[in-house]
Peer 1: 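Here it is: the structure, laid out below.
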Amino acid sequence: MSLKYLSQKAAQAIDVELMSPTGGGFSFEQLVELAGLSVAQAVTKVYTKEQYPRIMVFSGPGNNGLDGLVAARHLSHFGYQPRIYYPKRPDKPVNKGLVAQCEELEIPFVDSPEHGLRDSDLVLDAIFGFSFTGEVRQPFVSAIEALKGTRLPIVSVDIPSAWHVEQGNVNGTGFQPSMLVSLTAPKQGAKDFTGTHHYLGGRFISR
């Protein structure tokens, strides 16, 4: 069966339908939890805690960042040692709750990308997702540059951060992750992914 790739508009429409009482019936928090769990499970399939115990999680301010926080929490329970770079924290209950849960597990939050990458074995890129548009701004310019420069394997959530969701790695200027975890279905930009492992997570729809 051939893969179906979603446009940004189609991906957004699916999210709306999933949270509709007459559609999927999911709450926003449920979708975040299922997405983050699927990412954590995908990581365990490729990168074992024995070989890649120390995971640096880059979380952005949007929904992709929330997926990263949930994944970090699960990875901690799975026996990994995650750390989180989360510089922009929206003042919302779901964000505060996930931060509190990670702090309760004594998952460290680091203050710079460089600090986070030091002594890490693997990177989880959850900065920007399919809804991202426009130019990257600080502090995420530095975060993206750090990802471009690292030799560590990178796992990207849904779409590599700063790639165009439909046009992909425009001009080849973005970083190329080792592994991509597409949520619901791959986005059109994922056609530029040339890494080793591509997983489909968060199967919320029946077809």
Peer 1: Give the C-alpha distance, both sets of side-chain angles, the deciding distance and a yes or no for side-chain contact (heavy atoms from CB on, under 4.5 Å) between Q188 and V165.
Peer 2: CA-CA 6 Å; Q188 289 177 349; V165 68; over 6 Å; no
Peer 1: Treat each ILVMFWY residue as a node, draw an edge where side-chain heavy atoms are under 4.5 Å apart, and state whether I159 and I154 are in one component.
Peer 2: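 No, because I159 and I154 fall into different hydrophobic clusters, even though each may have its own neighbours under 4.5 Å.
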Peer 1: Ignoring hydrogens, what is the shortest heavy-atom contact between P61 and P90? Give both atom names and the distance.
Peer 2: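 Looking at all heavy atoms of both residues, the shortest contact is O-CG, 3.2 Å.
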Peer 1: CG of L200 to OG of S38: how many Å apart, nearest 0.5 Å?
Peer 2: 8.5 Å
Peer 1: Is there a side-chain contact between Q101 and L69 in this structure, where contact means two heavy atoms from C-beta onward sitting under 4.5 Å apart?
Peer 2: no
Peer 1: M56, F128: one ILVMFWY side-chain cluster at the under-4.5 Å cut-off?
Peer 2: yes
Peer 1: Please say which of R54, R83, Q81 ends up in a side chain to side chain donor-acceptor pair (under 3.5 Å) with S120.
Peer 2: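 Output: one option passes, namely R83.
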Peer 1: Hey, is the main chain of V157 close enough, under 3.5 Å, to the side chain of N64 for a donor-acceptor pair?
Peer 2: yes
Peer 1: Check for a donor-acceptor pair, side chain of D125 on one end and backbone N or O of S161 on the other, with a separation under 3.5 Å.
Peer 2: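 A pair under 3.5 Å: yes.
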Peer 1: Within a strict 4.5 Å, meaning less than it, do heavy atoms of the V123 and V155 side chains meet?
Peer 2: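 No, side chains not in contact.
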Peer 1: Under a 3.5 Å distance rule, please check whether Q30 uses its side chain to pair with a backbone N or O of S27 as donor and acceptor.
Peer 2: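 Yes; at least one donor-acceptor contact below 3.5 Å.
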Peer 1: What distance do L66 atom CG and S59 atom OG have between them, rounded to the nearest 0.5 Å?
Peer 2: 8.0 Å
Peer 1: Roughly how far, to the nearest 0.5 Å, is the CG atom of N95 from the CG atom of N63?
Peer 2: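 Separation between the atoms: 9.0 Å.
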Peer 1: State, yes or no, whether a side-chain contact exists between M179 and T196 at a heavy-atom distance under 4.5 Å.
Peer 2: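 Result no, sub-4.5 Å side-chain heavy-atom pair not found.
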Peer 1: Could you list the donor-acceptor pairs under 3.5 angstrom formed between side-chain atoms of residues 111-119 and any protein atom two or more places apart in sequence or on another chain?
Peer 2:
{"from": "D111", "atom 1": "OD1", "to": "H115", "atom 2": "ND1", "distance (Å)": "3.3"}
{"from": "S112", "atom 1": "OG", "to": "H115", "atom 2": "N", "distance (Å)": "3.0"}

Peer 1: Show your working on side-chain contact (heavy atoms from CB on, under 4.5 Å) between V39 and H74 and close with a plain yes or no.
Peer 2: CA-CA 9 Å; V39 169; H74 283 294; over 6 Å; no
Peer 1: Quick one: side-chain hydrogen bond (donor to acceptor under 3.5 Å, both in side chains) partners of Y47, sequence neighbours excluded?
Peer 2: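 None.
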Peer 1: Let me know which of E103, E33, E106 forms a salt bridge (Lys or Arg N to Asp or Glu O under 4.0 Å) with R73.
Peer 2: E33
Peer 1: Grouping I, L, V, M, F, W and Y whenever their side-chain heavy atoms are under 4.5 Å apart, do V99 and I107 come out in a common cluster?
Peer 2: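 Looking at the clustering, I107 is in the same group as V99.
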Peer 1: Can you see which heavy atom on H198 is nearest to which on A190, and at what distance?
Peer 2: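 Heavy-atom minimum between the residues: CE1-CB, 4.4 Å.
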Peer 1: Against the six-membered ring of Y5, is K191 placed for a cation-pi contact (under 6.0 Å from the centre, within 45° of the normal)?
Peer 2: yes
Peer 1: If only atom types and distance count, is the side chain of K187 paired as donor or acceptor with the main-chain N or O of A185 below 3.5 Å?
Peer 2: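 The answer is yes, because a donor-acceptor pair under 3.5 Å joins these two groups.
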Peer 1: Start with the C-alpha gap between V43 and L122, add the side-chain angles, then the distance that decides, and say whether side-chain contact (heavy atoms from CB on, under 4.5 Å) holds.
Peer 2: CA-CA 10 Å; V43 167; L122 179 70; 3.9 Å; yes
Peer 1: Is it possible for you to say whether F130 and V170 belong to one hydrophobic cluster, with membership spreading through side-chain heavy-atom contacts below 4.5 Å?
Peer 2: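 No; tracing contacts between hydrophobic side chains, which count when under 4.5 Å, never links both residues.
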Peer 1: Side-chain donor-acceptor contacts of residues 136-148 below 3.5 Å, not counting sequence neighbours, with atom names and distances?
Peer 2:
{"from": "Q138", "atom 1": "OE1", "to": "S142", "atom 2": "N", "distance (Å)": "3.2"}
{"from": "Q138", "atom 1": "OE1", "to": "S142", "atom 2": "OG", "distance (Å)": "3.1"}
{"from": "Q138", "atom 1": "NE2", "to": "S142", "atom 2": "OG", "distance (Å)": "3.2"}
{"from": "E145", "atom 1": "OE2", "to": "K148", "atom 2": "NZ", "distance (Å)": "3.3"}
{"from": "K148", "atom 1": "NZ", "to": "T173", "atom 2": "O", "distance (Å)": "3.1"}

Peer 1: With hydrophobic residues grouped by side-chain heavy-atom distances under 4.5 Å, do F193 and V46 end up in a single group?
Peer 2: no
Peer 1: Hey, could you give me the OH/CG distance between Y52 and L75, rounded to the nearest 0.5 Å?
Peer 2: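 Between atom OH of Y52 and atom CG of L75 there are 14.5 Å.
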Peer 1: Shortest non-hydrogen contact from P82 to V57?
Peer 2: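 That would be CB-CG2, 4.5 Å.
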Peer 1: Going through the distances and angles, do F175 and T150 end up as a side-chain contact (heavy atoms from CB on, under 4.5 Å)?
Peer 2: CA-CA 10 Å; F175 65 87; T150 186; over 6 Å; no
Peer 1: Hey, does T44 have a side-chain heavy atom less than 4.5 Å from the side chain of Y80?
Peer 2: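 The answer is yes, as the side chains (C-beta and beyond) meet within the 4.5 Å cut-off.
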Peer 1: Below 4.5 Å, heavy atoms only, C-beta onward: do C102 and Y86 meet side chain to side chain?
Peer 2: no
Peer 1: Hey, could you give me the OG1/CG distance between T184 and D158, rounded to the nearest 0.5 Å?
Peer 2: 7.5 Å
Peer 1: Would a 4.5 Å heavy-atom cut-off, applied to side chains only, mark Q176 and P160 as touching?
Peer 2: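 Sidechains of P160 and Q176: no contact.
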Peer 1: With distance as the sole test, does D192 use its side chain to make a donor-acceptor pair with the main-chain N or O of N169 at under 3.5 Å?
Peer 2: yes
Peer 1: Quick check: are there more than 12 heavy atoms from other residues, nucleotides or ligands sitting under 6.0 Å from CD of E104?
Peer 2: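 Check fails, neighbour count at 12 or below.
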